[in-house]
Amino acid sequence: MKSLTFANRWNADLIEANYQRWLHGDAALDPLWEAFFEGFELAGRHAPEAVREVMGEPVATTGDSKIQARAIGAIYAYRAIGHTQATINPLLIELPINPRLALDRLGFRESDLDHVVDTGNYLSGKAMRVGELIDGLRETYCGNVGVEYLHIQETAKRRWIQSRIEPSRMRHEFPAEEQKRILRKIIEAELFEKHLHHSFVGQKRFSLEGAETLIAALDAVAQHCPRFPVHEIVMGMAHRGRLNVLANFVGKSCDLILREFSEHHIPADLDGDGDVKYHLGYENTWQTENGSPITVRLAANPSHLEAVNAVVEGRARARQRILSQETGELDRGLVLPLLIHGDAAIAGQGTVAEVLNFSKLKGYRTGGTLHIVINNQIGFTTDPADARSSQYCTDIAKMIEAPVFHVNGEDPLAVAHVCVLALEYRQQFGEDVFVDMLCYRRHGHNETDEPAFTQPELYRKIASVPLTSVPLAARMEAAGVLAPGQVDEMRASVQRFLDHASEKAAQLEVPTSQIRLRSFEGSSAITQPEYNFTPVETGVSAERLAHVAKVLCTPPDGFEINPKIARMLATRHSRFEQGGGIDWAFGESLAFGTLLMEGSPVRLSGQDCERGTFSQRHSVIHDIHTRDRYVPLLNLGENQAQFCVHNSLLSEAAVLGFDYGYSVEYPQMLCLWEAQFGDFANGAQVIIDQFIASSESKWGRVSGIVMLLPHGYEGQGPEHSSARLERFLQLCAESNIQVCNITTPAQYFHVLRRQMKRDFRKPLIIMSPKSLLRHPAAVSPTVEFQTGRFMGILDDPKPGEAVERVILCSGKVYYDLIDYREKNGLTRNAIVRVEQLYPLNRELLSKVVGRYGDKARLIWCQEESRNMGAWTYIAPLLESVFGRKPLYSGRGESASPATGFQALHKREQQELIHEAFEM
């Protein structure tokens, strides 16, 4: 029988092709092929010719090609699966053993251990005995740190990691003073939790106990930031350990945190509803040990785990732009996004994958994120076996080829070491990196929970584990780093600080210096002017409009565009010059262009938004021969502001969260997110509910984000008709958001410009059009862009003389009503448009409708079903303004937003329009 060699089993041509790629250093070659060819080459060498220094003496490599090949295989094996045998779990009593790393499975006998082999790309090919090689590999890959990195395709990145961990055998190189600082940070974390536990018995705080090493890890990262330099850290995390992070890393005053535990505590400057203390964010600038300033921004977030991730990425990218403006050159390394995850959440929440998908996309990348997992090895009460299908909670990291460092949380020096290494990787390659800190949760999900109900054995183990600082201090004393009694003084010093903070917290007066107020202009406002309807002039001079229009419609010489687009641009410019017929998309571009000329940058993001879902926008045009891109709005003039338009990944929650975060940090920029269809916003409901609608009330974070949600009933079925207007109106209170259903391009132009011209910021939700994009009546004359302003209520331009009914409506249905009235010659009615549903300008509404007298019947007409749309919101408001109940004309109640049958849609639409004029 013919023996089955590698060459028999595999295509020889494929082997030869990959061999040539390996010889030429192809970085994209699979690591498995690399390992094979390295072993193949080394095994074929004549060993007596190679003489190396081993153990300080010249020793010839042994000429056993099989042992040589097995040595290369062992190197690859430890690099690939050494982490499975690493001592990373602080709760395991027995050392983990992987049979695949046993000597016999690697092909060695005891007698082979003294053979000298060439080590290939391990330690630069140094010759060494097999036994020494195995010892080095075990110490590097099977100690308190386990590394996964061979899934990374780029050779340079793998070699970089190897160069950082293999020569040192993964040992840290912290000087004595840095080791003492690490110990002190852990003591601060431990005593802070102890102080809270004894001072506020039974109160929830979601403590960090069992994972106090996190504070030392974060501090180590910050201390090393000036080396690169990193000026700012933008952080996101869940509630576990947040108070400790706020106090011992971000720098929020302890007395303020302690005061927040009081049952009677109400902040003196509260302007809104506020939030529980373990959801709050904070910002602070402090000095590292070498005197360099570092700014830390911890984002506030709700209990929806991982939802804040996208917001942090958006905020970080905005900060990168802002800081880079000072130097004139974009440097994403200046701002570090840092996300702290829980093990159950990172494996279970789908938004994690959405956000990771940002990492290399030009419109969303932030130069790499440092991810730290607080791996409790449990969810609320759910074991890992029930929480994920993967071996590690961090396996999602492999989708973007990010390296993962698994580390024992009870070895603070190792944790700090890999966190600094992770920072270096991020700064070197501008990509994400993960640190999986395996630890435990000393209490239950919160301090009132009893974990022994569901995990009795686990919590018996946890009860026997000492405080992390105890064995660390003992090791440092044994190594001579710490003098006898020094750790006791550290503890006493920290306790004195906490006692003093408690005394200050007990004072009745709250010093205003402890309440961090940020100015609105500094983009971190927690107070701003009240919402008002004060008119804002948003018209633009004819000269500026003409300049913008010409640039928008004139491609550069030699740039050949699609003939259909060319005709569209020519038509737009012709209509502009003739003084009328400006459609919705052109009106939008004029708003963007004039804002850019005035110094207001614009960012538009969303699925297919460069062209527009309905082929209406064409903000980026392409040469039909070369595929070169041309962006007219980037060519308005030398002093214009920046225009950014990005087709997004196919995500709603993550992208909207990102753009919201961007708008929070950069209120001077008009930030827009466009849904492909309005109902796609369903996928971003957590961001809408927990951030956009409520962040100002809960956390004092203001945003001027604009959401464009295509909405309108045109027979496209249940999924592409409604943007769920009713859901946004249900969220409205305390002037938190603006909801508009606009009917003309000029109104759209003015509302976008108004968004940047007022002295306050509110999210703007627009029910944007679909069929109206090309409706011949849905156009505006040029003069309406030169003068005037946005009007929340639009009166009927051609009302009857003796009006018997006033039909109020919003959005596309207005054109159906106008068309029906004209075709049927109806004169005793007025059609009034409510362009801004919330906040509703009652005074203007009363004035406009009041001109038709008290006898005219009030009718609300809408396309949506009765239990949807604006009806349930607007009906009581109209009654309170006019003292009489309005009548309803629209579809009946339904479970689904719209019918899927075109014929039924047309019949329903005809009936509701007819009914509005018959009431």
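All of these numbers come straight from a predicted model, not from anything done at the bench.
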Using the ring of each side chain (for Trp, its six-membered ring), is [X] parallel, tilted or perpendicular to [Y], with breaks at 30° and 60°?
X    : Y    : result
F533 : Y531 : perpendicular
Y662 : Y666 : parallel
Y748 : W584 : parallel
F358 : Y364 : parallel
H914 : Y820 : perpendicular

If you take all heavy atoms of [X] and [Y], which pair is closest and at what distance?
X    : Y    : value
L725 : V739 : CD1-CG1, 3.6 Å
G717 : A898 : O-CB, 3.8 Å
A353 : M399 : O-CE, 3.8 Å
A870 : W860 : CB-CZ2, 3.7 Å
Q755 : Q738 : OE1-NE2, 3.2 Å
C809 : I831 : SG-CG2, 4.0 Å

Legend entry - Within 45° cone and under 6.0 Å: R821 NZ/CZ vs F917 ring: no
Would you check if there is a donor-acceptor pair between the side chains of [Y] and [X] at a distance under 3.5 Å?
X    : Y    : answer
S605 : S648 : no
E652 : Q685 : no
R727 : N682 : yes
S771 : E714 : yes
E610 : H622 : no

Check ion pair [X]-[Y] (N to O, under 4.0 angstrom):
X    : Y    : value
D583 : R774 : no
D623 : R627 : no
E674 : R617 : yes
E598 : K757 : yes
E863 : R891 : no
R724 : D679 : no

Report yes or no: does [X] contribute a side-chain atom to a donor-acceptor pair with the main-chain N or O of [Y] at less than 3.5 Å?
X    : Y    : result
E726 : Y873 : no
N829 : V806 : no
K770 : H720 : yes
Q910 : I913 : no
H711 : G811 : no
S722 : P718 : no
T571 : R567 : yes
H547 : L636 : yes
R603 : L670 : no
S780 : T744 : no

Legend entry - T743/Y815 under side-chain contact (heavy atoms from CB on, under 4.5 Å): CA gap, chis, key distance, verdict: CA-CA 8 Å; T743 55; Y815 290 95; 4.1 Å; yes
Legend entry - Verdict with reasoning, K762 to E696, per salt bridge (charged side-chain N to carboxylate O under 4.0 Å, His left out): CA-CA 9 Å; K762 298 286 181 178; E696 184 175 5; 2.9 Å; yes
Answer yes or no: is there a side-chain heavy-atom contact under 4.5 Å between [X] and [Y]?
X    : Y    : value
R753 : T594 : yes
V664 : V702 : no
N736 : Y838 : yes
T369 : N309 : no
M597 : V548 : yes
F592 : E588 : yes
K360 : E431 : yes

Inset, instruction - Give a yes or no on this: more than 12 heavy atoms of other residues, nucleotides or ligands lie within 6.0 Å of atom NZ of K847. - result: no
Legend entry - R575 atom CZ, over 12 foreign heavy atoms within 6.0 Å: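 No, because the 6.0 Å sphere around CZ of R575 holds 12 heavy atoms or fewer from other groups.
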Inset, instruction - Using the side-chain hydrogen bond (donor to acceptor under 3.5 Å, both in side chains) rule, pick out the option among R315, Q320, R321 that qualifies with E665. - result: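 For E665, the side-chain hydrogen bond (donor to acceptor under 3.5 Å, both in side chains) test succeeds with only one of R315, Q320, R321, which is R315.
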Inset, instruction - Show your working on side-chain contact (heavy atoms from CB on, under 4.5 Å) between F576 and R572 and close with a plain yes or no. - result: CA-CA 6 Å; F576 175 87; R572 283 180 175 176; over 6 Å; no
Roughly how far, to the nearest 0.5 Å, is the [atom2] atom of [Y] from the [atom1] atom of [X]?
X    : Y    : atom1 : atom2 : value
I737 : I692 : CD1   : CD1   : 8.5 Å
R758 : Q528 : CZ    : CD    : 10.0 Å
L752 : F790 : CG    : CZ    : 10.0 Å
E577 : C553 : CD    : SG    : 9.0 Å
C732 : L840 : SG    : CG    : 10.5 Å
S619 : N647 : OG    : CG    : 8.0 Å

Inset, instruction - Using the side chain to side chain donor-acceptor pair (under 3.5 Å) rule, take E835 and S810 through it: C-alpha gap first, then chi angles, then the decisive distance, then the call. - result: CA-CA 6 Å; E835 299 278 287; S810 190; 5.9 Å; no
Legend entry - Steps toward side-chain contact (heavy atoms from CB on, under 4.5 Å) verdict (E864, Y713): CA-CA 8 Å; E864 300 88 352; Y713 282 59; 3.7 Å; yes
Inset, instruction - Assess whether side-chain contact (heavy atoms from CB on, under 4.5 Å) is satisfied between C861 and L817, documenting all intermediate values. - result: CA-CA 9 Å; C861 182; L817 291 166; 3.9 Å; yes
Legend entry - Test side chain to side chain donor-acceptor pair (under 3.5 Å) applied to T613 and Q676, step by step: CA-CA 6 Å; T613 300; Q676 196 172 72; 4.8 Å; no
Inset, instruction - Give the C-alpha distance, both sets of side-chain angles, the deciding distance and a yes or no for side chain to side chain donor-acceptor pair (under 3.5 Å) between Q909 and D816. - result: CA-CA 9 Å; Q909 196 78 1; D816 294 332; 3.0 Å; yes
